[in-house]
Amino acid sequence: MASKNESNANTGPANASGEDARAELTAQLEDLLNTLSNKFAGVSSEIFAKMDEMSRRLDNLEAQLAANKDKKSGSS
């Protein structure tokens, strides 16, 4: 019976350190997920900003092409 108590005493701290390891792993994973989420949000913002810039540039090119077309048809 004493050996059974000794084995329970050994698994108690081991179990506690296992729970500590799980808690630490969980915290590290949460940090990693938060970091990835923040990076993804930053990249998404950059992509949308680039798309807006390209859209403005295309609008300007279309306006210039339309103006050039009007000038050529007006001078003919």
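With hydrogens and angles ignored, the 3.5 Å screen pairs a side-chain donor or acceptor of Ser73 with a backbone N or O of Lys69. Side-chain atoms of Ser37 never come within 3.5 Å of backbone atoms of Leu33 as a donor-acceptor pair (strictly under, hydrogens ignored).
Atom OG1 of Thr35 and atom CD of Glu30 lie 11.0 Å apart (nearest 0.5 Å). Distance check, rounded to the nearest 0.5 Å: OG of Ser17 to CZ of Arg22 gives 9.5 Å. With rounding to the nearest 0.5 Å, the separation of CD in Gln64 from NZ in Lys71 is 9.5 Å. Taking CG of Leu61 as the reference point, atom CG of Asn68 lies at 10.5 Å (rounded to 0.5 Å).
Atom CD of Glu53 sits in a crowded spot, with more than 12 heavy atoms from other residues, nucleotides or ligands closer than 6.0 Å.
Criterion: ILVMFWY side-chain heavy atoms under 4.5 Å apart, direct or through other members. Under it, Phe40 and Leu32 are not part of a common hydrophobic cluster.
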